[in-house]
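In what follows, a structure is listed as structure tokens, so that the remarks can point back to it.
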Amino acid sequence: MGGASTGAGFIYDAALNRRQALMGKSGPGALVKNFRVFSIAAFACIGGVLYGYNQGMFSGVLAMPSFQKHMGDYDPLDPNADQTKKGWLTSILELGAWIGTLLSGFLAETLSRKYGVLVACAVFMLGVIIQATSVTAGHNAILAGRFITGMGVGSLAMIIPIYNSEVAPPEVRGALVATQQLAICFGIMISFWIDYGTNFIGGTSIETQTDASWLTPICLQLAPAMILFIGMIFMPFSPRWLVHHGREEEARKVLSSLRGLSADHELVELEFLEIKAQSLFEKRTIAEMFPELREQTAWNTFKLQFVAIKRLFQTRAMFKRVIVASVTMFFQQWTGINAVLYYAPTIFKQLGLSDNTTSLLATGVVGIVMFLATIPSVLWIDRVGRKPVLTVGAIGMATCHIIIAVIVGKNIDSWDEHPAAGWAAVCMVWLFVIHFGYSWGPCAWIIVAEIWPLSTRPYGVALGASSNWMNNFIVGQVTPDMLKSITYGTYILFGLLTYLGAAFVWFFVPETKRLTLEEMDVIFGSEGTAQADFERMEEINAEIGLKQLLQVESRGEQAAVVSEKERNGNGEHSEGA
């Protein structure tokens with residue numbers, strides 16, 4: 001057991017050390033090393049901004065009287081009217097995104113990552129165009145358009161990170177993840193401020209405000225989507241996808257172009273062999289676990305993700321991982337973060353900011369503080385660890401909810417007499433968003449990605465993402481009714497659930513920082529899973545020549561070091577003589 005692990009560990013360490021010796025500097029500075037790498041980073045940003053903008057934009061639109069005029073019962077002007085249908089306007093996008101997430105693996109594997117992004121962009125833009133027709137078609141166009149847009153968003157949110165991680169050099173992958181997370185928060189931030197600005201088009205009252213006030217932020221989504229679509233046409237196929245589908249020479253050429261090196265360069269050869277090893281590992285794992293699906297047909301690819309996810313529920317050790325992934329995502333959504341992002345102007349009006357302009361301004365501040373709060377997490381999460389950050393963040397968010405509930409409970413009918421209480425509650429919302437930004441925003445996704453063995457990671461992450469979107473849909477659907485019917489009870493519910501989330505993380509979620517896959521197996525009670533994965537990978541590394549390549553290079557480097565020491569020794573001896 002130890003020998004195989006050591007052998008596999010040697011391959012990973014040797015490959016990592018060799019790459020670092022050849023690549024030079026890592027991190028954000030490496031993003032500007034060549035134009036190709038920079039374009040990939042920019043690409044990640046556009047995808048993140050599009051996703052974030054789409055998440056934040058609709059909250060301000062819901063609060064605009066000219067939009068409400070077209071929606072009838074679905075976004076009533078009277079705040080005391082039934083709010084159930086209003087929830088559908090928002091949450092139907094999450095339902096579409098859930099379906100898009102389930103289809104994204106199939107799209108990315110059968111069509112390629114590149115064409116998968118193009119299809120998702122086209123679906124997204126079709127949804128936006130349908131939403132724009134709501135000027136005449138009313139709420140049905142918004143419902144249909146947002147469902148279709150959601151399918152595009154769900155697919156893009158899964159496929160773009162996969163594509164970026166597969167075409168980017170290893171030295172910038174961490175920086176790309178950080179860049180994309182910041183881009184999502186930046187998209188949310190600018191969407192709030194665009195809503196604030198367009199709210200003034202024609203005036204802010206129902207009599208004077210024009211349809212352009214809400215059509216503009218909706219249609220502006222087309223700009224980044226179009227840039228993404230056109231840019232994707234000129235981007236290469238993923239080298240990993242090419243290797244996986246037997247197009248190895250094309251993969252070498254793409255790697256050579258992406259790295260700005262000749263096709264026979266040592267770094268290109270090393271990275272190519274690592275990709276080939278991972279591809280063979282996945283094919284052989286599928287052949288062993290699901291022999292009936294080993295042929296790479298479109299139908300088998302479609303069935304595989306569902307069969308593989310079902311298998312995760314069939315052993316106790318894997319089921320523990322399922323619980324950690326799905327329940328972590330449950331608690332991430334039930335912190336109430338998307339209740340705030342989707343309904344912030346409505347919430348601020350309930351907290352005494354009766355003027356629509358002021359509530360949109362307060363919503364803009366939400367975007368700024370969330371963006372700023374994400375930065376330290378991106379920089380320091382690997383030093384501090386996941387559990388303390390998630391636990392402290394959850395306790396902070398829950399406490400903010402309880403304080404808001406107390407303030408609302410005491411002042412709900414007398415905001416005019418106690419304006420300071422209203423602003424205190426608004427500040428608690430801002431503080432809540434800060435706690436989310438540095439903790440559950442990025443860290444929940446890190447946990448979900450880290451707990452799986454190599455052989456089940458794609459399906460485990462997909463399961464976590466589907467839990468995220470489904471709970472997102474439920475929160476978006478029920479929040480308007482809760483705010484109307486139980487008022488401050490909404491914050492008590494979110495607060496108690498978030499305290500439970502803190503307890504769940506502290507007592508049931510392992511600290512995954514710097515754990516090896518074998519150590520993760522011991523924690524979850526599936527000893528040998530990672531070991532079997534390593535043994536299979538070591539066999540593949542030896543078969544394709546990666547192990548021999550690294551051993552030759554290692555011996556060459558050791559010989560060079562010995563030779564250098566001998567030269568230095570002779571020089572010192574000569575000087576002494």
Side-chain angles (χ1 to χ4, degrees), residues 28 30-57 97 100-101 103-105 107-129 148-191 194 217-242 247 250-251 253-260:
L31 290 175
V32 294
K33 193 163 62 174
N34 67 54
F35 178 74
R36 277 293 197 182
V37 174
F38 183 77
S39 66
I40 293 165
F43 194 73
C45 285
I46 294 168
V49 169
L50 178 64
Y51 174 61
Y53 181 90
N54 182 266
Q55 289 291 91
M57 170 273 302
T101 299
L103 294 174
S104 61
L107 277 177
E109 199 53 53
T110 52
L111 297 181
S112 79
R113 280 68 161 136
K114 175 175 176 170
Y115 291 150
V117 171
L118 289 174
V119 168
C121 273
V123 169
F124 179 91
M125 289 187 285
L126 174 64
V128 173
I129 291 166
I148 293 168
T149 299
M151 290 177 68
V153 164
S155 296
L156 288 172
M158 289 292 287
I159 300 174
I160 287 179
I162 293 171
Y163 178 81
N164 281 325
S165 68
E166 291 179 356
V167 298
E171 69 266 29
V172 299
R173 280 179 195 150
L176 267 182
V177 172
T179 302
Q180 191 164 2
Q181 184 64 37
L182 284 174
I184 291 170
C185 293
F186 181 73
I188 293 170
M189 179 176 72
I190 61 171
S191 74
I194 287 171
I218 286 176
C219 293
L220 274 176
Q221 295 175 97
L222 289 171
M226 186 62 73
I227 293 169
L228 194 59
F229 184 89
I230 294 170
M232 196 70 218
I233 293 171
F234 300 99
M235 296 292 279
F237 287 99
S238 155
R240 186 213 163 280
W241 184 84
L242 290 170
R247 295 158 63 174
E250 195 177 342
K253 289 176 184 175
V254 169
L255 275 174
S256 169
S257 171
L258 286 169
R259 307 302 177 251

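None of these values were measured; they are calculated from a predicted model.
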Side-chain contact test, heavy atoms from C-beta onward, threshold under 4.5 Å: evaluate it for Ile162 versus Arg113 and give yes or no. yes

Can you name the closest pair of heavy atoms from Val167 and Leu258 and give their distance? O-CD1, 3.5 Å

Beyond-backbone contact of Phe124 with Gln221, side-chain heavy atoms, under 4.5 angstrom: yes

Pairs meeting criterion side chain to side chain donor-acceptor pair (under 3.5 Å) with involvement of residues 222-238, two or more places apart: Glu166-Ser238

Any idea which heavy atoms bring Ala108 and Ile159 closest together, and the distance? CB-CG1, 4.2 Å

Let me see the working for Ile194 and Tyr53 under side chain to side chain contact (heavy atoms under 4.5 Å, CB included), right down to the final yes or no. CA-CA 10 Å; Ile194 287 171; Tyr53 181 90; 3.6 Å; yes

Nearest-0.5 Å distance, CE of residue Met189 to CD1 of residue Ile184: 13.5 Å

Take Leu107 and Ser155 through the test side chain to side chain contact (heavy atoms under 4.5 Å, CB included) and record every step on the way to the result. CA-CA 8 Å; Leu107 277 177; Ser155 296; 4.2 Å; yes

Rounded to the nearest 0.5 Å, how far apart are CE of Met57 and CD1 of Ile188? 12.0 Å

Can you tell if the side chain of Trp241 reaches within under 4.5 Å of the side chain of Tyr163, non-hydrogen atoms only? no

Between Leu50 and Pro224, which heavy-atom pair has the shortest distance, and what is it? CD1-CG, 3.8 Å

Side chain to side chain donor-acceptor pair (under 3.5 Å) partners of Ser191, counting only residues at least two apart: none

Crowded around Phe186 CZ? As in, over 12 foreign heavy atoms under 6.0 Å? no

Looking only at heavy atoms, the pair that brings Leu228 and Cys121 closest together is CD2-SG, 3.6 Å

How long is the straight-line distance from NZ of Lys253 back to CG of Leu242, given to the nearest 0.5 Å? 11.5 Å

Decide side chain to side chain contact (heavy atoms under 4.5 Å, CB included) for Leu118 and Leu111; before the verdict, give the C-alpha distance in whole Å, the side-chain angles of both, and the deciding distance to 0.1 Å. CA-CA 10 Å; Leu118 289 174; Leu111 297 181; over 6 Å; no

Separation between CD1 (Ile129) and CD1 (Ile218), nearest 0.5 Å, reads 13.0 Å

Specify the closest pair of heavy atoms between Gly152 and Val123, including all atoms of both residues, with the distance to one decimal. N-CG1, 3.9 Å

Met232 vs Met235, side chain to side chain contact (heavy atoms under 4.5 Å, CB included): CA-CA, chis, key distance, verdict: CA-CA 5 Å; Met232 196 70 218; Met235 296 292 279; 4.1 Å; yes

Pairwise side-chain contact, Ile160 with Ile46, heavy-atom cut-off 4.5 Å (strictly under): no

Write down the atom of Val254, the atom of Pro236, and the distance for their closest heavy-atom approach. CG1-CB, 3.8 Å

